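Below: the structure, in structure tokens.
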Amino acid sequence: MVFYLIGLGLGDPSDVTVRGLEVIKKCSRVYLEAYTSIISTGKSGLESLYGREVIIADREQVEQGSDDLFAGADTEDVALLVVGDPFGATTHTDLKLRAHQLGMSVEVISNASILNAVGCCGLQLYHFGETVSIPFWQDGWEPDSFCEKINRNLKKKLHTLCLLDIKVKEQSLENLMKGRKIYEPPRYMRVHQAAQQLLSVVKKRSSNPVDCEENEDLGEEWLLKEDTQCVAVVRVGTANQHIAFGSLEEMASSDYGDPLHSLIVCGDCHPMEKEALEKLSRYYNGCKRGPDSDNGSRGTFHFIGLGLGQPEDVTVKGREFIKKSSLVYLEGYTSIMMGGAEAVENMIGKKVSVAEREMVESGSQEMFEHTINSDVAFLVVGDPFGATTHIDLAVRALNENIPINIVHNASILNAVGCCGLQLYSFGETVSIPFWQGDWKPDSYYDKICSNLDSGWHTLCLLDIKVKEQSVENMMKGRKIYEPPRYMTVAQAASQLLQIIDMKDTQGISTPLTKNHLVVGLARIGTSTQSLKACSLEDMSKVDMGEPLHSLVIVGATHPMEEEYIDMYKL
């Protein structure tokens with residue numbers, strides 16, 4: 001039978017996917033991992049939706065007592081529910097590794113996590129560097145290595161997502177030493193607490209110029225300052241989501257209310273990012289927003305993520321908004337949906353129109369007009385804000401005073417954790433385009449090398465060509481389109497090898513070599529998902545079958561990551 005790891009999304013019971021809900025209802029036992037995040041309604045809210053008992057699994061049971069979780073999974077289905085995405089935390093990767101070692105069948109159902117949902121603030125997910133965690137300081141224990149990582153991102157002009165500490169079922173030192181099972185009240189770090197700790201490090205460094213000079217001699221100019229721009233991202237995915245921006249100093253004195261909180265330290269912002277951040281922060285100001293708030297007679301424009309490309313990957317919440325919308329559009333050019341629009345129509349029982357690039361980027365007025373007296377659903381494979389074009393569409397809607405609603409879902413940016421590499425250890429994401437004729441851009445190569453210099457993994461998103469015209473047909477105004485093309489891992493690896501050869505000819509040495517370890521991913525989240533790890537040169541000869549493909553250039557690895565990769569290494 002199967003041991004399921006099921007992502008619950010951003011914390012509302014209805015954020016579970018349709019497929020996830022079906023699996024939960026058929027499992028013999030269902031556990032809820034209850035210490036890396038929180039569910040808004042608690043266990044009772046889940047039980048109400050699922051119509052069954054949910055068993056709480058605390059840190060001790062997940063990390064040390066996994067035999068209890070696995071018990072009976074060889075003869076019956078068992079599920080462990082995780083708020084966010086199953087591979088958002090190291091402990092769940094380790095759990096899958098242990099299950100594999102026991103010869104158990106494991107299936108993962110991905111969902112949104114803050115790592116991809118943070119795009120709701122308008123900053124481009126491609127412009128983020130290494131993710132950091134900020135722990136509570138206590139009793140003279142004041143680690144600050146996260147500041148070094150933030151500074152490294154700033155040096156590369158990248159944004160930093162800071163995940164803030166959660167203390168659930170923690171014991172005081174006295175109770176721990178005396179073996180008493182008495183636990184402290186739960187604590188959730190707020191933005192102002194994180195900002196205060198960051199400011200403390202900044203001030204400590206500015207008052208000790210000797211340390212600053214030593215770091216600058218090592219090439220580590222200190223860029224984190226009191227006036228560094230930051231973004232507070234609070235209660236993401238809820239009706240009272242709050243987005244705010246200001247200096248680090250301003251964040252340290254701001255109260256954004258109930259958890260969960262995250263903090264972004266901004267690198268260089270593109271003008272489009274600045275505009276989107278300004279508009280979205282004004283809209284998501286902590287007051288109740290969404291389809292149930294008072295919008296007068298005006299309908300809502302729903303941005304609904306469909307997850308990894310199968311109709312049943314839509315969330316329960318997303319499906320309900322689709323059903324109540326008078327018009328439904330499926331964005332048809334940044335990714336692919338298995339079965340196309342017809343598969344979505346069969347699931348929801350209504351017509352779905354395909355929105356091509358031209359409509360989304362320059363003909364959005366046609367979609368917006370229908371919100372005058374009804375709701376419109378705009379469906380996106382992956383997460384709604386994984387692409388710049390969708391953020392721009394949201395800004396245009398807000399410019400016309402059209403209420404928007406975002407329903408997040410999994411995307412390859414967080415689902416890539418299925419390969420066993422820790423999501424916190426990824427650097428800047430890159431896109432590899434098809435080369436055509438003499439047009440052979442290679443700027444992504446420098447970003448890959450920059451990531452490797454920092455020890456980071458690189459997720460490479462591979463080109464998709466849908467409804468493209470040849471130069472001749474474009475010039476003659478003929479609406480004739482080329483067959484769709486989807487880049488394979490072999491094609492991506494081949495282009496990278498050609499760049500390496502060119503660099504060698506020029507006498508330029510780079511950290512990416514032909515023997516470098518890479519990971520190929522195909523059809524993630526589907527029943528035919530495939531993972532392969534090998535050298536870059538070998539990957540150029542690998543056939544991983546049907547699209548979609550992604551490629552990971554592996555950086556510095558932890559022993560657990562290496563053990564996981566060994567499971568599918570060629």
Side-chain angles (χ1 to χ4, degrees), residues 6-25 39-42 44-52 54 81 83-84 109-113 117 120 235-241 284 288-295 297-331 337 339 341-353 355 367 370-371 373-385 390 394 397 402-411:
I6 302 177
L8 297 184
L10 299 172
D12 183 272
S14 62
D15 285 331
V16 68
T17 65
V18 170
R19 179 177 171 234
L21 181 59
E22 290 172 354
V23 169
I24 289 167
K25 287 184 173 181
I39 197 85
S40 62
T41 60
S44 61
L46 297 180
E47 291 176 330
S48 177
L49 177 65
Y50 304 159
R52 60 164 308 140
V54 174
L81 313 183
V83 178
I109 300 179
S110 295
N111 209 318
S113 75
C120 68
R235 298 179 296 279
V236 172
T238 70
N240 61 345
Q241 174 174 300
Y284 289 111
K288 187 174 182 182
R289 289 287 186 185
D292 297 326
S293 55
D294 184 12
N295 298 321
S297 61
R298 188 95 200 213
T300 298
F301 195 87
H302 301 280
F303 289 83
I304 299 176
L306 296 181
L308 299 174
Q310 301 177 106
E312 61 270 23
D313 287 337
V314 70
T315 64
V316 172
K317 180 190 289 181
R319 182 178 62 178
E320 292 311 305
F321 288 137
I322 294 169
K323 286 182 175 180
K324 66 176 284 194
S325 296
S326 61
L327 278 165
V328 180
Y329 294 93
L330 172 64
E331 188 267 81
M337 163 60 69
E342 185 179 348
V344 182
E345 289 176 340
N346 291 337
M347 181 184 69
I348 62 173
K350 62 168 58 178
K351 179 176 172 55
V352 175
S353 302
M367 295 186 287
H370 296 288
T371 63
N373 50 26
S374 61
D375 285 4
V376 173
F378 181 74
L379 314 184
V380 178
V381 177
D383 186 75
F385 281 2
H390 306 141
I402 298 171
I404 65 171
N405 176 43
I406 305 168
V407 181
H408 292 283
N409 209 323
S411 75

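What you are looking at is a predicted structure, and each value in this text was computed from that prediction instead of being measured.
The distance from atom CD1 of I406 to atom CG of D383, rounded to the nearest 0.5 Å, is 8.5 Å. Interatomic distance, NE2 of H370 versus CD1 of I402, reported as 11.5 Å (0.5 Å rounding). Atom CD1 of I6 is separated from atom CD1 of I24 by 4.5 Å, given to the nearest 0.5 angstrom. Atom CD1 of I304 is separated from atom CD of E331 by 14.0 Å, given to the nearest 0.5 angstrom. We find the CD1-OG1 distance between I109 and T17 to be 5.5 Å, quoted to the nearest 0.5 Å. Interatomic distance, CD of E345 versus CD1 of I322, reported as 12.0 Å (0.5 Å rounding).
Listed here is the closest heavy atom pair of P384 and G305: CG-N, 3.4 Å. Of all heavy-atom pairs between K25 and R52, the closest is O-NH1, 3.7 Å. Considering all non-hydrogen atoms of both residues, C120 and Q241 come closest at SG-NE2, 3.8 Å. For the pair L10 and S113, the tightest heavy-atom approach, listed with the atom from each and the gap, is CD2-C, 3.9 Å. Between A394 and I404 the shortest heavy-atom distance is CB-CD1, 4.2 Å. Minimum interatomic distance between F303 and H390 (heavy atoms only, all atoms of both residues): CE2-O, 3.7 Å.
You'll find the side chain of D12 stays beyond 4.5 Å of the side chain of T238, heavy atoms only. By the 4.5 Å heavy-atom criterion applied to side chains, V236 and H408 are counted as neighbours. Within the 4.5 Å cutoff, no side-chain heavy atoms of D375 are placed close to those of F321. Residues L46 and P13 meet the side-chain proximity criterion, which asks for heavy atoms closer than 4.5 Å.
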Please determine whether side-chain contact (heavy atoms from CB on, under 4.5 Å) holds for the pair L49 and V16, giving the CA-CA distance in whole Å, both sets of side-chain angles, and the decisive distance to 0.1 Å. CA-CA 10 Å; L49 177 65; V16 68; 4.3 Å; yes
With side-chain contact (heavy atoms from CB on, under 4.5 Å) as the test, would you mind laying out the steps for L306 and L330 before giving the verdict? CA-CA 10 Å; L306 296 181; L330 172 64; 3.7 Å; yes
Chi angles and distances behind the side-chain contact (heavy atoms from CB on, under 4.5 Å) call for E320, S14: CA-CA 10 Å; E320 292 311 305; S14 62; over 6 Å; no
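With hydrogens and angles disregarded, a donor-acceptor distance shorter than 3.5 Å links the side chain of R235 to the backbone of N240.
For the pairing with L379, the side-chain contact (heavy atoms from CB on, under 4.5 Å) check across V344, V314, I348 returns one residue only, V344. Tested against K317 for a side-chain hydrogen bond (donor to acceptor under 3.5 Å, both in side chains), the candidates N405, N409, D15 yield a single pass: D15.
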